[in-house]
Amino acid sequence: MSVDPTIPAPVPTDFIRDIVATDIAASRYPKIVTRFPPEPNGYLHIGHAKSICLNFGIARENLGQCNLRMDDTNPAKEDIEYVDAIIADVKWLVAGWADHCLGFKPKGATATLGAVNGQPDYYLAPVPPSISSEPFFASDYFDQLYDYAITLIRKGQAYVCDLSPEDTEKYRGAPDHPGKDSPFRTRTVADNLNLFERMKAGEFPNGARSLRAKIDMASPNIWLRDPLLYRIRHTAHHHTGAKWCIYPLYDYAHCLSDYLEGITHSICTLEFVDHRPFYDWILESLGLPRALPHQYEFAKLNLGYTLVSKRKLLQLVNEKVVNSWDDPRMPTLSGLRRRGIPASAIRQFVTGIGVTKFDSLTEIAVFENAVRQELNATAQRRLGVLKPIKLVLSNLADDETVECTATNNPQDENPTVRSVMLTREIFIESEDFAEVPPPKYFRLKPGGEVRLKYACIIKLDEIVKDASGTITELRCTADLTTRSGQPNSDKKVKGTIHWVSASRCIDAEVRLYDRLFNVAEPAAQDDFLKVVNPNSLEVVTAKLEPSLANAKADDRFQFERLGYFALDKDSPEAGTGARLIFNRTITLRDTWAK
RNA sequence: UGCCUGAUGGUGUAAUGGUAGCACAGGUGACUUUGACUCACCUAGUCAUGGUUCGAAUCCAUGUCGGGCAGCCA
């Protein structure tokens, strides 16, 4: 599976990249700058990965940059815990791919006042991530945002409104009939300036007043019916502390944050299409001197058998359906990472599904294929038995060992090998034996022969049972002449099974995961908790070949014929002798479906 | 019955007035010391009706169906 380096990797195309290409051709911007702007109110998930890869992908394809920005304008819902998790997840997802495009800012920095074309202008340049830098924060722009609000008031394009939240809603009208003007819409600039300053000073309680854009209460677009710019919230903010009691709303803060950072293409999901005219209205009303950013919208990811609603994911954690946000069954980036899924597989998946405005549902098989493809190429092959049954090779002496050569990864151009020892007593997978075999069963059955992978062909002689009729061991004869390099190595049998030496193996806890939901669209259910798969986790004590005792956190293994496995983040250190914990990332494709 | 937005095999996507292609899924076979991988072949599509054109998935009109929007959330 080697890649010819002379053939350039295909560059994805989509309607947004087409727009970027057009803008570059027209020299509209000196440099392409995108941003990934999560609100720190939850953990990032597979849906965010699509946005991250789109934004960072466009940046890296155009020698541009992508800023990580916390969209933290609502202190009531946000927390520093999420900030740290988001940083870690983004860095992990882009590592080795687009780290060079990742834009941070100097710690504590905010946009500074300069001049462009003789006009005052705020701007904040990016720096690479380091110990002295941090992500961008919308809350770091609160001073500038306040300044811009003053400007809008002076221009007569914003006013302080005393309507209660309930009355504001009533005045807004409905999609099919116009709203009506707020009685405070005609306040003088002086009154507005005075009141807005007093809002900032904390003179009024929550909800008593708001700052609103003066646009058109009869607009067919509801987001243009004098949308709010600022609300009063006497709440401390995780990043700005107690400094502010008025907080800008998303629509007002977002476009200006984009501008302050020199964003050229502001990419978001479809639900913001209706907001775009407002995004443009703010920017255009302010008469800003630099090129303005533009907003483009794409359809968010919907994945089969997966839920990405933050509220519902939180419910899964709170109701102990899963153990944590990074439970390997969760679609969070931290959960996927813990499960052993490589970042490159996630990138491959989300770029492969494309970017459109079509509200689609992607089959989980596409994701699984991306994971298997990546792991097949990179994972080290090992022998491990999940549900062991004892097998005795009666023609081998008690202390006899037969050294076998095993290939580490047959996909490598020059595969390396290791030794595994065959002994008289071994374990095989209980599923690889059937006393009464189904049709076309290639594995071990009464009187049948199979090959022990990397070793030799064995023949089943006797099934030993205890008094209750339970099988305790299988007694076989090993034909050592069928080993690799021996005269009868060419002998063919239909089945090859994996095994480990009973005396030379280690015990490990292995966590076997299955999909969390039993239906393709859990989000469409009245109660998604009712479609939770009760068997999404099975824990077994497995017998693994001894080399696995040295497994490292970043290692990826294929336990042959079973699937791909990785150490859990809570596993004891290798070498301590304590029992290791492996997670099954995904099974191998199985076309012999039962 | 307002505004916005969309519709291509089972699924996701490409083709931007000129051969409807790719991936996943499904099927059949080959290969195989992983029932994996790989390889070959097969199945299957332009929402509908008109129009423009030598030629339409693409442009126009009408219709149908889907999604979004009325937080002082993002």
Side-chain angles (χ1 to χ4, degrees), chain A residues 1 10 13-15 18 37-39 41 71-74 76-78 161 163-166 168-169 172-179 206-212 219-225 227-233 247 249-251 253-254 268-277 297 299 304 310 352-370 372-373 376-377 381 383 406-407 410-411 440-443 450-457 482-484 489-498 558-563 587-593:
Chain A
M1 285 265 295
T13 59
D14 54 65
F15 76 100
D18 289 347
E39 182 186 18
N41 70 342
D71 209 352
D72 56 349
T73 57
N74 184 0
K77 296 171 71 175
E78 299 153 8
C161 180
L163 248 27
S164 68
E166 299 72 34
T168 305
E169 191 184 333
R172 186 152 36 225
D176 53 357
H177 70 266
N206 290 351
R209 292 180 214 266
S210 62
L211 186 73
R212 300 178 68 178
S219 171
N221 181 344
I222 281 167
W223 292 99
L224 258 21
R225 320 246 262 226
L228 271 76
L229 268 22
Y230 272 90
R231 79 286 224 183
I232 299 172
R233 280 284 173 281
Y247 291 96
L249 278 106
Y250 165 86
D251 290 285
H254 203 90
C268 61
T269 46
L270 247 25
E271 62 265 34
F272 293 104
V273 169
D274 291 336
H275 301 226
R276 194 195 322 135
E297 311 86 8
K310 277 179 187 172
I353 57 174
V355 178
T356 65
K357 295 191 178 198
F358 179 64
D359 195 16
S360 59
L361 176 65
T362 299
E363 289 179 352
I364 191 71
V366 182
F367 177 63
E368 293 174 340
N369 177 260
R372 291 194 180 106
Q373 204 172 305
N376 177 50
R381 312 291 128 120
L383 295 178
T407 305
Q411 304 292 324
K440 284 194 167 176
Y441 189 77
F442 297 166
R443 287 109 98 143
V450 292
R451 177 176 285 280
L452 294 178
K453 179 81 176 170
Y454 301 125
C456 59
I457 292 172
T482 58
R483 296 167 57 211
S484 176
S489 65
D490 287 346
K491 181 172 173 184
K492 303 292 181 203
V493 286
K494 203 68 178 141
T496 300
I497 64 174
H498 57 277
Q558 181 196 102
F559 293 175
E560 298 214 36
R561 303 209 307 130
L562 294 172
T587 60
L588 250 33
R589 196 158 164 265
D590 183 8
T591 48
W592 191 57

Inset, instruction - Rounded to whole angstrom, note down the P distance from G10(B) over to U34(B). - result: 36 Å
Inset, instruction - Report the distance from atom CG of Asp251(A) to atom CZ of Arg276(A), rounding to the nearest 0.5 Å. - result: 13.0 Å
Inset, instruction - Let me know, please, whether Phe442(A) or Gly352(A) comes out on the 5' side of the other along RNA chain B by nearest nucleotide. - result: Gly352(A)
Legend entry - Paired and unpaired positions of RNA chain B as dot-bracket, Watson-Crick or G-U wobble under 3.5 Å, | denoting a partner strand: .((((((..((((....[..)))).(((((.......)))))....(((((..]....))))))))))).....
Legend entry - Separation of atom CG in Leu224(A) from atom P in C4(B), rounded to whole Å: 12 Å
Legend entry - Any donor-acceptor N/O pair, Arg451(A) side chain to Thr482(A) backbone, under 3.5 Å: yes
Legend entry - Atom pair distance, as rounded to whole Å: NE2 in His498(A) and C1' in A36(B): 13 Å
Inset, instruction - Using a heavy-atom cut-off of under 4.0 Å over every strand shown, decide if Ile497(A) touches base, sugar-phosphate, or nothing. - result: nothing
Legend entry - Distance, C1' atom - from U58(B) to C24(B), rounded to whole angstrom: 26 Å
Inset, instruction - Taking the side chain as every heavy atom from C-beta outward, state whether Leu249(A) and Leu229(A) have any atom pair closer than 4.5 Å. - result: no
Legend entry - Distance between P atoms of G18(B) and C3(B) (Å, rounded): 33 Å
Legend entry - Non-neighbouring partners of Arg225(A) that pass side chain to side chain donor-acceptor pair (under 3.5 Å), sequence neighbours left out: none
Legend entry - Euclidean distance for P, G29(B) against G21(B) (whole angstrom): 26 Å
Legend entry - Leu588(A) side chain near Gln558(A) side chain, heavy-atom distance below 4.5 Å: yes
Legend entry - Letter per nucleotide, 5' to 3', of nucleotides 67-74 of chain B [B base touched, S only sugar-phosphate touched, - untouched; heavy atoms, 4.0 Å]: SBSBSBBB
Inset, instruction - Let me have a per-nucleotide readout for nucleotides 25-34 of chain B, 5' to 3', with B, S or -, counting only protein heavy atoms under 4.0 Å. - result: SS------BB
Legend entry - Straight-line distance of Leu562(A) CG to Thr587(A) OG1, nearest 0.5 Å: 9.5 Å
Legend entry - P gap between U62(B) and U5(B), integer Å: 15 Å
Legend entry - Note, Tyr250(A) side chain near Asp71(A) side chain (heavy atom, < 4.5 Å): yes
Inset, instruction - Rounded to the nearest 0.5 Å, what's the gap from CZ on Arg561(A) to CZ on Arg443(A)? Could you check? - result: 5.5 Å
Inset, instruction - Would you give the length of the straight line joining atom CZ of Phe272(A) to atom NE2 of His254(A), rounded to the nearest 0.5 angstrom? - result: 8.0 Å
Inset, instruction - Compare the minimum distances between each of G35(B), G6(B), A14(B) and the side chain of Tyr441(A), then state the nucleotide with the smallest one. - result: G35(B)
Inset, instruction - Pick the P atom in C22(B) and in C39(B), then give their distance to the nearest Å. - result: 14 Å
Inset, instruction - Using the P atoms only, state how far U52(B) lies from G71(B), rounded to an integer number of Å. - result: 47 Å
Legend entry - Length of the CG-C1' vector between Asp18(A) and A15(B), whole Å: 12 Å
Legend entry - Those residues that, when tested against Lys494(A), pass side-chain contact (heavy atoms from CB on, under 4.5 Å) (two or more places apart): Phe442(A)
Inset, instruction - Measure the distance from CD on Glu368(A) to C1' on A23(B) and round it to the nearest whole Å. - result: 15 Å
Measure all distances between protein nitrogen or oxygen atoms and nitrogen or oxygen atoms of nucleotides 41-43 of chain B, and list the pairs falling under 3.5 Å.
none

Legend entry - Nearest-angstrom distance, P atom, G9(B) to A48(B): 10 Å
